[in-house]
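So the structure is just underneath, and the comments pick up after that.
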Amino acid sequence: MNGKHLVKLGLEKKAIALAQTAAAARETAGLARDEILAELRAVQADPAAYLAGGVYADLAAELSAQQAARDALKGAELRAAPLPYPVWGQDLIEPGARSQMDVAMRLPVSRAGALMPDAHVGYGLPIGGVLATENAVIPYGVGVDIGCSMMLSVLPVAPGALHAEDGKALLLKHTRFGAGVAFDKRDRQDHEVLHEGTWQDQPLLRHLFEKAATQIGTSGSGNHFVEFGTFTLADADLGLEAGEYLAVLSHSGSRGFGAQVAGHFTTLAERRHPGLDPAAKKLAWLPLDSEDGQAYWQAMNLAGRYALANHDLIHARLARALNVQPLAQVRNSHNLAWEQEVGGQNLIVHRKGATPAEAGQLGLIPGSMADPGYVVRGLGNRDALGSASHGAGRVLGRKAAERTLAKKDVQAYLAARGVTLIGGGIDEAPQAYKRIEEVLARQGDLVDVVGRFTPQIVRMDTGSEDV
DNA sequence: ATGTCC
């Protein structure tokens, strides 16, 4: 018995050495070469049957491990070509975002997808990407800011009644911005979401509860904002008469809590798919019917409710300060996954920077710090998997915006529209975004416009270079 | 998006 015989059997690497050891033992026991080779073939055919013990146990264990590795690789193989998917506003979308969506549509778990007109490059799935998978949830298909969402409160106040200085003071007093920011102990907010039993269901959630409790009611950094503005209804809707109203619009997420949930489960998903094509590394998934998949689903949905609770508290504080009750409210999550029927199949629909837009469903699509945002009503377009854009979408990345935009041009843009800005980095300048009117024009078959919000007093986090 | 660690 020599190595050549074993290689001929198809044995590889460590298995050859283990087979040689076993074969030597069998030769000592008096077996002929052909008899030993027959035994080795039997072990190869069904290694599981030899795991329990005996001379072939170590070889059987190695062969089982090799088979498991091959299975994992096979299960993670990308399709040669992406499944076809529709694109809205192709002329507004950079090639990089298309490439990312192409990779997503090559995943073995992908079944359908769509790209919204605000699409731009992100980690894993592009921002503005909608992806339907079968029995799989992709942490980076939801994004780092799980549950990132929008909320509008229409107030029983005339738009002109709130002066810029007063509005500015209210925002400074009642909102908190920035990475790591939390409320002081005496100002700590409370909300029913903090009293859910869900926090006790996972060690990770138990661990993150304290952070979540201190940060609830705050806003983050980047493109998050809280603003006062004028809400204009051309026709009666939302239970309101046509007209102009003072309104509060906010964009906020699940803060450090959601970010850590995303990070934790992304690590687990990547670990589960070591053989995944490097191009799809950030699209590693968790089987929904696995323990990890179920844990992510639970944590993701909690982060979604937590993010909406942040909005609730922000709006409640501002309304209380103005001594009013909102007349109408609209809210929607745009970074989340949902169980949804797609072509008769129950799939997981990821929206990473995409607004749910089922028939009749209300949503909010903001423009920029100085451009209008829109209340929309979904048309339930099946090709778009019942989705629309989540905003205007970036035309300049953060660094490109800092490099190319001039502060005075941004200030002029704000001044021309009468916008008062607190904080706000140049990377969030209106010029860094696509024109919201164009983006809306590309999705006339996804949503109807209900009303228009024009920002007047805007608070954002302090950028690396403020406007 | 987040204070670079679940």
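Residue numbers begin at 1 in each chain, while the letters A, B, ... track the order of the sequences.
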Expressed in angstrom and rounded to an integer, what is the separation of [X] atom [atom1] from [N] atom [atom2]?
X: A:N310; N: B:dT2; atom1: CG; atom2: P; result: 10 Å
X: A:D145; N: B:dG3; atom1: CG; atom2: C1'; result: 15 Å
X: A:L204; N: B:dC5; atom1: CG; atom2: P; result: 15 Å
X: A:D461; N: B:dG3; atom1: CG; atom2: P; result: 11 Å
X: A:R398; N: B:dT2; atom1: CZ; atom2: P; result: 10 Å
X: A:D427; N: B:dT2; atom1: CG; atom2: C1'; result: 15 Å
X: A:Y123; N: B:dT4; atom1: OH; atom2: C1'; result: 12 Å
X: A:L268; N: B:dC5; atom1: CG; atom2: C1'; result: 14 Å

Just N and O in the side chain of A:Q215: are any of them under 4.0 Å from OP1 or OP2 of B:dT2? no
Would you indicate, yes or no, if B:dT2 has its OP1 or OP2 atom less than 4.0 angstrom from a side-chain nitrogen or oxygen of A:K211? no
Sugar-phosphate only, base, or nothing, as touched by A:G220 at under 4.0 Å among non-hydrogen atoms: sugar-phosphate
Can you work out whether A:L208 or A:H224 has the more 5'-proximal nearest nucleotide on DNA chain B? A:H224
Nearest-nucleotide comparison on DNA chain B, the residue closer to the 5′ end among A:T267 and A:A182: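 The residue whose closest nucleotide sits nearer the 5' end is A:A182.
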List the steps, then state whether salt bridge (Lys or Arg N to Asp or Glu O under 4.0 Å) holds for A:E77 with A:R106. CA-CA 9 Å; A:E77 236 167 59; A:R106 290 175 56 204; over 6 Å; no
With distance as the sole criterion, is a donor-acceptor pair present between the side chains of A:Q325 and A:R320 under 3.5 Å?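 The answer is no; no qualifying pair exists.
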Using a 3.5 Å distance criterion without hydrogens, assess whether the side chain of A:N332 forms a donor-acceptor pair with backbone atoms of A:P356.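 It does not hold such a pair.
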Return yes if some donor-acceptor pair links the side-chain N/O of A:R79 with the main-chain N/O of A:S110 below 3.5 Å, else return no.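 Yes, because the side chain of A:R79 sits within donor-acceptor range (under 3.5 Å) of the backbone of A:S110.
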